[in-house]
Amino acid sequence: MTNDIFRYCPDRPLPPYSYVPGLSPHPTSDPRGHSFGLNHPTAQPLDQASFATNKNYLYAIDLFNHGFYWEAHEEWESLWHAAGRSGPTADFLKCLIKLAAAGVKLREGRAPGVKQHSRRSAELITLAAASSVKQRIFGICPDEIHKFALKTADDSDRLVESGQPNASRSLQFTLHLENQSH
């Protein structure tokens, strides 16, 4: 991903590398990891009224948009736990977690994982959207995620190419928040 992508949480720096299992040190358990020994701030619960100021949510979007899929997954997972791991908000967050997991699998060269996580992401965004009366959920268009996730699942074999790990592979999708200046 390029550095000219809009940042929603510019006060939190992006990590020096995107973790890909088998290609780089594990961020938290390896002493060489980019987040080794760092305390992760407790996530504030995500809600429709204040999502645009939720630092964990905004930072996770930045991470995803810049190709830090494992790191985005971890950030969204902290919000998923804060949401109680069930219900419409949790389904929405789990959708994003699964989409980020598809990005990790893409870089690992694992087409079945890309397909599985992308399909599950599409299922979860459908569940989350069904419980919402708004066209956007936490500032994001669920239809865009749904279409992208299904296309990624369908194209997983082509996207993975040789099946070899490749840290430069990226999902060709950017999350955009409504009413945020770009």
Side-chain angles (χ1 to χ4, degrees), residues 1-10 12-30 32-36 38 40 43 46 54-81 90-125 128 138 140 142 144-177:
M1 291 289 188
T2 62
N3 290 333
D4 60 349
I5 295 173
F6 179 80
R7 292 282 313 273
Y8 294 101
C9 188
R12 287 186 66 186
L14 296 173
Y17 64 88
S18 173
Y19 174 61
V20 179
L23 294 181
S24 52
H26 189 279
T28 59
S29 64
D30 187 315
R32 299 169 298 149
H34 62 62
S35 298
F36 183 77
L38 298 179
H40 188 76
L46 188 62
N54 186 305
K55 296 284 188 180
N56 297 93
Y57 181 61
L58 299 176
Y59 186 56
I61 291 171
D62 283 349
L63 289 166
F64 180 87
N65 286 347
H66 286 83
F68 295 91
Y69 303 122
W70 184 89
E71 293 81 0
H73 176 289
E74 292 294 301
E75 199 72 31
W76 279 319
E77 190 170 40
S78 70
L79 289 163
W80 179 69
H81 283 284
D91 288 341
F92 172 76
L93 291 165
K94 192 69 166 182
C95 155
L96 297 175
I97 291 166
K98 291 296 185 179
L99 198 57
V104 172
K105 295 302 177 188
L106 177 68
R107 289 189 170 165
E108 286 181 305
R110 298 175 184 239
V114 173
K115 183 177 288 200
Q116 176 187 0
H117 289 300
S118 295
R119 282 207 174 125
R120 185 65 179 138
S121 178
E123 292 169 4
L124 288 162
I125 198 65
F138 303 108
I140 294 177
E144 290 175 6
I145 293 174
H146 187 262
K147 287 176 189 171
F148 176 76
L150 289 179
K151 182 171 177 16
T152 300
D154 290 344
D155 293 347
S156 59
D157 289 327
R158 181 186 59 77
L159 293 170
V160 168
E161 303 157 349
S162 67
Q164 297 300 310
N166 182 338
S168 65
R169 281 190 201 109
S170 292
L171 295 171
Q172 299 301 304
F173 186 69
T174 303
L175 295 166
H176 297 284
L177 292 181

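- At distances below 3.5 Å, not a single donor-acceptor pair connects side-chain atoms of Tyr57 with backbone N or O atoms of Glu75.
- Taking CG of Leu171 as the start and CG of Asn65 as the end, the distance is 10.5 Å to the nearest 0.5 Å.
- Nearest heavy-atom pair across Trp76 and Ala100 is CZ3-CB, 4.1 Å.
- Remark: Ser35 OG to His26 NE2 distance equals 9.5 Å, nearest 0.5 Å.
- Taking the six-membered ring where tryptophan is involved, the planes of Phe64 and Tyr69 are perpendicular, since the angle between them exceeds 60° and thus also 30°.
- In summary, Glu161 and Arg169 engage in a salt bridge, as defined by a charged side-chain N under 4.0 Å from a carboxylate O.
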Side chain to side chain contact (heavy atoms under 4.5 Å, CB included), that's the test. Do Leu177 and Leu58 meet it? Break it down for me. CA-CA 9 Å; Leu177 292 181; Leu58 299 176; 3.5 Å; yes

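- In this structure, Gln116 contributes its side chain and Val114 its backbone to no donor-acceptor pair below 3.5 Å.
- No donor-acceptor pair closer than 3.5 Å links the side chain of Ser118 to the backbone N or O of Thr152.
- Atom CD1 of Ile97 sits about 9.0 Å away from atom CD of Glu74, to the nearest 0.5 Å.
- With hydrogens and angles ignored, the 3.5 Å screen pairs no side-chain donor or acceptor of Tyr19 with any backbone N or O of Gly33.
- Side chain of Ser121 to backbone of Cys95: a donor-acceptor contact under 3.5 angstrom is found.
- Ring orientation note: the planes of Phe138 and Phe92 are tilted relative to one another, at an angle of 30° to 60°.
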Evaluate side chain to side chain contact (heavy atoms under 4.5 Å, CB included) for Asp154 paired with Arg119, printing each intermediate quantity in order. CA-CA 9 Å; Asp154 290 344; Arg119 282 207 174 125; 3.9 Å; yes

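- One distance of note links CG of Leu175 with CG of Leu96; it measures 6.5 Å at 0.5 Å rounding.
- Rounding to the nearest 0.5 Å places CZ of Phe68 at 10.5 Å from CG of Asp62.
- Across every non-hydrogen atom of Arg107 and Ser18, the tightest pair is NH1-OG, 2.7 Å.
- In this model, no donor atom of one side chain and acceptor atom of the other lie less than 3.5 Å apart for Ser156 and Arg110.
- Contact of the Leu159 side chain with the Gln172 side chain is not registered, since no non-hydrogen atoms from C-beta on lie closer than 4.5 Å.
- The two atoms that bring Ala102 and His117 nearest to each other are N-CB, 3.7 Å, heavy atoms only.
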For Ile61 and Ile140, run side chain to side chain contact (heavy atoms under 4.5 Å, CB included): C-alpha distance rounded to whole Å, both residues' side-chain angles, the deciding distance at 0.1 Å, then the answer. CA-CA 10 Å; Ile61 291 171; Ile140 294 177; 4.1 Å; yes

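- Scanning all heavy atoms of the two residues, the minimum distance from Asn56 to Asn54 falls at N-OD1, 3.1 Å.
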Using side chain to side chain contact (heavy atoms under 4.5 Å, CB included), reason through Lys98 and Leu124 one step at a time and then give a plain yes or no. CA-CA 9 Å; Lys98 291 296 185 179; Leu124 288 162; 4.0 Å; yes

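- For the atom pair NE2 (His176) and CD1 (Ile5), the distance works out to 8.5 Å, reported to the nearest 0.5 Å.
- Looking at Arg120, its side chain never comes within 3.5 Å of a backbone N or O of Lys94 through a donor-acceptor pair.
- Side-chain atoms of His34 and Glu71 include a donor-acceptor pair closer than 3.5 Å.
- A donor-acceptor contact shorter than 3.5 Å links the side chain of Ser24 to the backbone of Val20.
- Shown here for Leu106 and Ser170, the closest heavy-atom pair between the two residues is CD2-C, 3.6 Å.
- Taking every heavy atom of both residues into account, Asp157 and Ala111 meet most closely at OD1-CB, 3.2 Å.
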